[in-house]
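Within every chain, numbering begins at 1; the chains are lettered A, B, ... in the order of the sequence lines, protein sequences first and strands thereafter. No hydrogens, no waters, no symmetry mates; every other heavy atom, side chains included, goes into these values.
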Number of protein chains: 2
Amino acid sequence: MPRKSEQKSKEYTIKDVAELAGVSTATVGRVLGGYGSASHEATQAVREAANKLHYIPNGIAQSMKKKTTKSVGLIVANICNPYFSSIARIVESVLVKKGYNIIICNTDEDGDREISYLKMLYEKRIDGLMIASALKESERKDSQFNMTYKESIPTIIIDREISNLKFPTVASDNFRGAYEATSHLIKLGHKRIGIIGSTISTFFRRVEGYRQAMLDHSLPFDTNLVFNKSYKNVKPGDVSEGIYATKNLLKYREYRPTAIFALNNLLTTGVLIAVNDLGLKIPDDVAVIGWDDFDLASLLNPPITVVKQSTYNIATIAISRLLQQIENPNTILNEEKKVILSTELVIRGSCGSNVTY
Amino acid sequence: MPRKSEQKSKEYTIKDVAELAGVSTATVGRVLGGYGSASHEATQAVREAANKLHYIPNGIAQSMKKKTTKSVGLIVANICNPYFSSIARIVESVLVKKGYNIIICNTDEDGDREISYLKMLYEKRIDGLMIASALKESERKDSQFNMTYKESIPTIIIDREISNLKFPTVASDNFRGAYEATSHLIKLGHKRIGIIGSTISTFFRRVEGYRQAMLDHSLPFDTNLVFNKSYKNVKPGDVSEGIYATKNLLKYREYRPTAIFALNNLLTTGVLIAVNDLGLKIPDDVAVIGWDDFDLASLLNPPITVVKQSTYNIATIAISRLLQQIENPNTILNEEKKVILSTELVIRGSCGSNVTY
DNA sequence: ATGAAAGCGCTAACAG
DNA sequence: CTGTTAGCGCTTTCAT
């Protein structure tokens, strides 16, 4: 095999195939593209020629004509978060069956990055967008905001709602999930409950649920127990945020919360590590509840109680709605535009006795 | 704001901008594209016009001309595997800085899916490809095989080697990692060691390392202790494979291995669940070693000993080499084409005494 | 400094 | 059934 180095093998075009097959480019398009009709003879010749040249159609040129790219963008905070990777996985599996590709973008909860991703994706002329927005409420006041998201392209919002945008959205009932978790702790006798989150919108709703539960049970809402720092500068998969927050919360023995509610998996892990570092015992010294279930939750000692989101449903519903919009641009998704899925409190041992009430 | 419903707002083109600005399309291209030169006046007018129309350049048309798409494909087994999601995360973060997007493809270890993904990606005219191939050795004998991968497009192989292909590759030293883990168990007195993998190439190398270690210590290589079933039909994130394998391995008390070596995170979790189900204790009843480290490993009781891959290095080296190829197509990567990174045995408590020898 | 025009590879009328 | 041809939106010579 003579190595014609440097000589980048030319990409064959439909024209080359046409010449070799002795037909017109239109005919080649017809047999390869599967539209129109061609004689058996022509079909044969074209296939043969295409094979011989190892012809690979130029999707870019096709997109140019057809005005569709068969790709959708997925913007999430961090693909390393099992919650998002599960969604990506499920979404991709249904997309690929329809010939779509998925372009993944990690914002790290940075609004600016989100905007620049949006720009990239729109330039790429994606057919659809699925997004867990990192933009904070405040950043949306901006007058330019309305221009950031193109309402002309099919979009589905997941995980978090984006106010003043009329896209369909699929998310968990963050308020209720947190309300239930908090109530659970209260019923178990906890009065001082720490909660660890961050500045993203989803977490605000969860903190509200927590707050309401406290209030409804005549307990004070003490902001000292709310750790809501920003995620900035936290490396992906970095567990230190949760550790830091926990150590902070448990610093003063007398004010120490008797329970901690961590608002995502990474934070939960951080809490567990910190509690362990401090030589404290769960649930006797401090109870723990996490947001999002994980495989090892039931194997830890004690097993960890969690608020479980129906990730599968979120992903499935979201992608089916998005495809609906893509394939039928006139679909009006006005009614029932927002679907809020309930969460499930999975009670294991990390909050004390295994009550079932 | 009158809602001109249905009337899909027209995408503005460079021509619209040109007209509004009162210049030619060439000039618009020059100021927006940042090449050539334009008068201050023209520049001003163009920018204004572009802003007013919220003009978004058509990347497809650009790609058509420039013959570059600014996107790279990433083919992995399953993005839900923390090992792959970490790689994706790191790779994406360096790519985005250079204006590239990343298209993620999950093969689920299915060779056919890999081939169809490859086709999609090549049609999309990706600028580069990073791949952890799912193709088994046997599938590569196929005469068509050589045509499956286009040597004309920059490619980097990660995690597993693909024989007879002259692409650069970055992977862990699977043989050595497994050899060390197995030796560790042997030195701790284990003689019957079960190993759980699957039919993918990486795992073969690991089993070979295990085998060599056994042999070098005058222990028999007993295929009854090797669980190497196929992954087919296992759902993403499904832990049942590991559970099934473990229960199988531990079925007959008298032949029972005293240690189990699980070849990826998901399998490790399965092993832990199964062992727990069976009411056995780690490490007394059975020792456990896992492949790939994980945050909770040190929090489990006992903490789990693992073979740790330098995921960060794999991702970083791989992407830098890929970019090198993309940006400088004439780079000859002949020497040192293959980089094999060593693994690290992280000894915790799951194999018995915390020896350090 | 700027405009006209060719052309990237393909699809889809349209005409035959 | 098949070929000719006109673009899709942009970049980029080549003139001016």
Side-chain angles (χ1 to χ4, degrees), chain A residues 8-47 49-50 53-70 99 120 122-127 152, chain B residues 8-47 49-50 53-70 99 119-120 122-127 152-153:
Chain A
K8 203 165 179 173
S9 68
K10 189 219 178 207
E11 296 279 357
Y12 291 111
T13 72
I14 203 172
K15 207 171 151 193
D16 298 312
V17 178
E19 268 170 25
L20 184 57
V23 297
S24 73
T25 61
T27 300
V28 175
R30 279 190 274 258
V31 357
L32 261 29
Y35 52 90
S37 50
S39 69
H40 184 69
E41 230 174 27
T43 306
Q44 211 64 359
V46 169
R47 286 205 201 296
L53 300 180
H54 298 110
Y55 170 69
I56 297 177
N58 185 325
I60 298 296
Q62 292 176 324
S63 290
M64 185 94 174
K65 278 297 292 185
K66 303 213 242 182
K67 284 165 175 350
T68 158
T69 51
K70 285 289 182 177
M120 284 179 85
Y122 288 148
E123 288 189 359
K124 284 245 161 82
R125 295 298 192 261
I126 47 168
D127 289 344
S152 56
Chain B
K8 201 163 179 175
S9 68
K10 191 218 175 206
E11 295 280 357
Y12 291 110
T13 71
I14 203 173
K15 208 171 150 194
D16 298 312
V17 178
E19 269 170 24
L20 184 58
V23 298
S24 72
T25 60
T27 301
V28 176
R30 280 190 272 256
V31 357
L32 261 30
Y35 52 88
S37 51
S39 69
H40 184 69
E41 231 175 27
T43 306
Q44 210 64 1
V46 168
R47 286 204 201 295
L53 299 181
H54 298 110
Y55 169 69
I56 298 177
N58 185 326
I60 298 298
Q62 292 176 322
S63 290
M64 185 91 174
K65 279 298 292 185
K66 303 213 237 181
K67 285 167 175 349
T68 157
T69 52
K70 285 289 183 178
K119 190 167 155 284
M120 286 178 81
Y122 288 148
E123 287 188 2
K124 285 245 161 80
R125 295 296 192 262
I126 46 168
D127 289 345
S152 56
I153 107 146

Exercise. Who pairs with Lys65(B) by salt bridge (Lys or Arg N to Asp or Glu O under 4.0 Å), at least two apart in sequence or on another chain?
Worked result: none
For this session: Using whole Å, report how far CE of Met64(A) lies from P of dC10(D).
Result: 8 Å
Problem set entry | Minimum-distance nucleotide (side-chain atoms of Ala61(B) versus dG9(C), dA12(C), dG9(D)) | dG9(D)
Exercise. What is the distance, rounded to the nearest whole Å, between atom CG of Asn58(A) and atom P of dC10(D)?
Worked result: 17 Å
Exercise. Between atom NZ of Lys67(A) and atom CD of Glu11(B), what is the distance when rounded to the nearest 0.5 Å?
Worked result: 8.5 Å
Problem set entry | d(CD1, Ile14(B); P, dT2(C)) in whole Å | 15 Å
Exercise. Quick one: which of dT2(D), dG3(C), dC8(D) gets closest to the side chain of Arg30(B)?
Worked result: dG3(C)
Seminar exercise, completed: Note: for Gly22(B) and Lys65(B) on DNA chain C, the residue whose nearest nucleotide lies more 5' is Gly22(B)
Exercise. Taking for each residue the nucleotide of DNA chain C bearing the nearest heavy atom, is the 5' side occupied by Val23(B) or by Lys66(A)?
Worked result: Val23(B)
Exercise. For DNA chain D, whose closest nucleotide is more 5', that of Ser37(A) or that of Ile56(B)?
Worked result: Ser37(A)
For this session: Decide yes or no for Tyr55(A) and Asp16(A): does some side-chain heavy atom of the first lie under 4.5 Å from some side-chain heavy atom of the second?
Result: no
Exercise. Ala38(B) near the nucleic acid: base, sugar-phosphate alone, or nothing, with a heavy-atom cut-off under 4.0 Å?
Worked result: sugar-phosphate
For this session: Mind checking Tyr12(B) for me? I need base, sugar-phosphate or nothing, with any heavy atom below 4.0 Å counting as a touch.
Result: nothing
Seminar exercise, completed: From CD1 of Ile60(B) across to P of dG9(C) the rounded distance in Å is 15 Å
Exercise. Donor-acceptor pair, Thr25(A) side chain versus Ile14(A) backbone, under 3.5 Å?
Worked result: no
Exercise. Are Glu123(B) and Lys119(B) within salt-bridge range, i.e. N to O under 4.0 Å?
Worked result: yes
Exercise. Side-chain N or O of Ser39(A) less than 4.0 angstrom from OP1 or OP2 on dT2(D)?
Worked result: yes
Exercise. Could you give the CD-to-P distance, from Gln62(B) to dT11(D), as a whole number of Å?
Worked result: 5 Å
For this session: Look at Thr27(B) and dG3(C) and indicate whether a side-chain polar atom (N or O) is within less than 4.0 Å of OP1 or OP2.
Result: yes
Exercise. Side-chain N or O of Thr13(B) less than 4.0 angstrom from OP1 or OP2 on dG9(D)?
Worked result: no
Seminar exercise, completed: Tyr55(B) atom OH is separated from dG9(D) atom C1', nearest whole Å, by 7 Å
Problem set entry | Separation of dT11(C) P from Tyr35(A) OH (nearest whole Å) | 5 Å
Problem set entry | Gap between atoms NZ and P, on Lys70(B) and dT11(D) respectively (whole Å) | 14 Å
